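For clarity, every value in this text was computed on a predicted model and none was experimentally measured.
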Amino acid sequence: ISSSRLSDFENNVANNDKVKSVDIRVQGKIIYITMQIEPGVKLEEAEGIALKSLENFSEEESAFYDFNVTLKQNSTDNSEGFIISGAKNKNGTGLIWNNNRVVEEDTSA
């Protein structure tokens, strides 16, 4: 994949007003994408933005590369923020997200 294609991807995604910044790099057959999400954007909405961003790649590129996406949002007074990672295998159809939700221990037992 050419550096101009990667720059086009960064510019297209960065034009979304809910994305603060985008970083993309290729290592071997994996494309790593890190998006800094604006405060106040819900996690589910950020995941949708990430999934939609993969449409910028051609079918040939999607069939050749695996994708690793990291979404980050800083905490604010009104939001806890988040960091979540997702992956898409070249044979897959969507992103599979890790489950980094905080689990509270049940102390009633």
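Phe64 carries Lys29 over the face of its six-membered ring, with the cationic atom under 6.0 Å from the centre and within 45° of the normal.
With a 4.5 Å cut-off on side-chain heavy atoms, Glu47 and Leu43 count as touching. By the 4.5 Å heavy-atom criterion applied to side chains, Val22 and Thr34 are not counted as neighbours. Between Glu10 and Ser21 there is no side-chain heavy-atom pair separated by less than 4.5 Å. Side-chain contact between Asn74 and Gln36 is present, with heavy atoms from C-beta onward closer than 4.5 Å. Two residues are said to be in side-chain contact when any heavy atoms from C-beta on lie closer than 4.5 Å; Ile33 and Phe9 meet this criterion. Side-chain atoms of Ile31 and Asn68, non-hydrogen and from C-beta on, never get closer than 4.5 Å to each other.
The pair Lys52-Glu55 counts as a salt bridge, with a side-chain nitrogen and a carboxylate oxygen less than 4.0 angstrom apart.
Counting only distance, with no hydrogens or angles, the side chain of Asp66 and the backbone of Ile30 share no donor-acceptor pair below 3.5 Å. Using a distance-only test at 3.5 Å, with no hydrogens or angles considered, a donor-acceptor pair links the side chain of Gln73 to the main chain of Glu38. In this structure, Tyr32 contributes its side chain and Thr70 its backbone to no donor-acceptor pair below 3.5 Å. Side-chain atoms of Asn56 come within 3.5 Å of backbone N or O of Ser53 as a donor-acceptor pair.
The OG atom of Ser75 sits 9.5 Å away from the CD1 atom of Ile83 when rounded to the nearest 0.5 Å. Residue Leu95 holds its CG atom at 10.5 Å from OG of Ser85, rounded to the nearest 0.5 Å. Considering OG of Ser3 and CD1 of Ile24, their distance stands at 11.5 Å, rounded to 0.5 Å. Taking NZ of Lys18 as the reference point, atom CD1 of Ile37 lies at 10.0 Å (rounded to 0.5 Å). To the nearest 0.5 angstrom, Leu54 atom CG is 7.0 Å from Lys88 atom NZ. Between the CH2 atom of Trp97 and the CG atom of Leu51 there is a distance of 8.0 Å, given to the nearest 0.5 Å.
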Applying side-chain contact (heavy atoms from CB on, under 4.5 Å) to Val13 and Met35, what does each step give before you reach the verdict? CA-CA 9 Å; Val13 175; Met35 293 183 196; 3.9 Å; yes
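Of all non-hydrogen atoms in Leu71 and Ala50, the two that sit nearest each other are CD2-CB, 4.0 Å.
Centroid-to-centroid, the aromatic rings of Phe57 and Phe67 come within less than 6.0 Å.
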